[in-house]
Amino acid sequence: MQLIAHNPSHGVYPATSDYAHAMEVVAPQRLLFVSGTMGLDEAGKPGATLDEQLALIWNNLRTILASASMGVDNIVRLTSYLRDASFVEANQNARLAALGGRAIPTTAIVAQTLREDWLVEIEIIAAA
């Protein structure tokens with residue numbers, strides 16, 4: 001499988017170093033679509049803070065990916081649902097840390113329909 005980022009230099013606003021306008025996945029054999037994943041521990045209890053929930057989310061995503069013999073390097077698309085717009089920077093920093101700075105297509109949406117104690121939800125698409 002080959003991943004090719006597409007960031008046209010003309011006709012669209014420039015991509016930053018941590019952002020990809022599009023990701024072409026050449027010859028994947030498997031695709032994994034992961035439901036929105038919450039910052040909940042094994043008992044279903046949410047982390048007390050935004051940082052705790054982000055850490056739980058990424059741990060949960062790693063566990064889900066591992067169940068399909070994949071890892072974070074297989075993530076090709078990510079959507080974040082944030083309870084509050086002020087969570088954007090912390091969410092971005094957690095994503096960059098988890099992906100080792102690798103840029104993938106991402107979208108962040110403020111979704112006030114999340115339960116009050118669920119601060120962030122992340123869904124991904126992975127390919128292998």
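The figures here come from the full heavy-atom set of this structure, side chains too, leaving out hydrogens, waters and symmetry mates.
In this structure, Y19 and Y13 have tilted ring planes: the angle between them lies in the 30° to 60° band.
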Verdict with supporting geometry, L61 and V72, side chain to side chain contact (heavy atoms under 4.5 Å, CB included): CA-CA 8 Å; L61 288 171; V72 294; 5.9 Å; no

Test log, rule side chain to side chain donor-acceptor pair (under 3.5 Å), inputs T16 and D18: CA-CA 5 Å; T16 59; D18 63 343; 2.6 Å; yes

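Taking all atoms of both residues into account, the shortest heavy-atom contact from L56 to G47 is CD1-N, 3.7 Å. Closest of all the heavy-atom pairs between P105 and R77 is O-NH1, 3.2 Å. In terms of heavy atoms, N60 sits closest to L40 at ND2-O, 3.0 Å. Nearest heavy-atom pair, M70 versus A127, reported as atom, atom and distance to 0.1 Å: CE-C, 4.2 Å. Looking at every heavy atom in both residues, N7 comes nearest to A15 through OD1-CB, 3.3 Å.
With a 4.5 Å cut-off on side-chain heavy atoms, Q112 and R83 count as touching. Side-chain contact between L54 and F87: absent, with no pair of heavy atoms (C-beta onward) separated by less than 4.5 Å. At a threshold of 4.5 Å between non-hydrogen side-chain atoms, the residues T113 and Y81 do not count as touching. Side-chain atoms of R115 and M38, non-hydrogen and from C-beta on, never get closer than 4.5 Å to each other.
Residues L96 and V120 do not share a hydrophobic cluster, clusters being chains of Ile/Leu/Val/Met/Phe/Trp/Tyr side chains in contact below 4.5 Å.
Between the side chain of R95 and the backbone N or O of N91, no donor-acceptor pair lies under 3.5 Å. In terms of modelled atom types and a separation under 3.5 Å, the side chain of Q2 and the main chain of E24 share no donor-acceptor contact.
Across N74, I104, I75, V76, a single residue satisfies side chain to side chain contact (heavy atoms under 4.5 Å, CB included) together with I124, and that is I75.
A donor-acceptor contact under 3.5 angstrom links the side chains of D84 and S86, judged on distance only.
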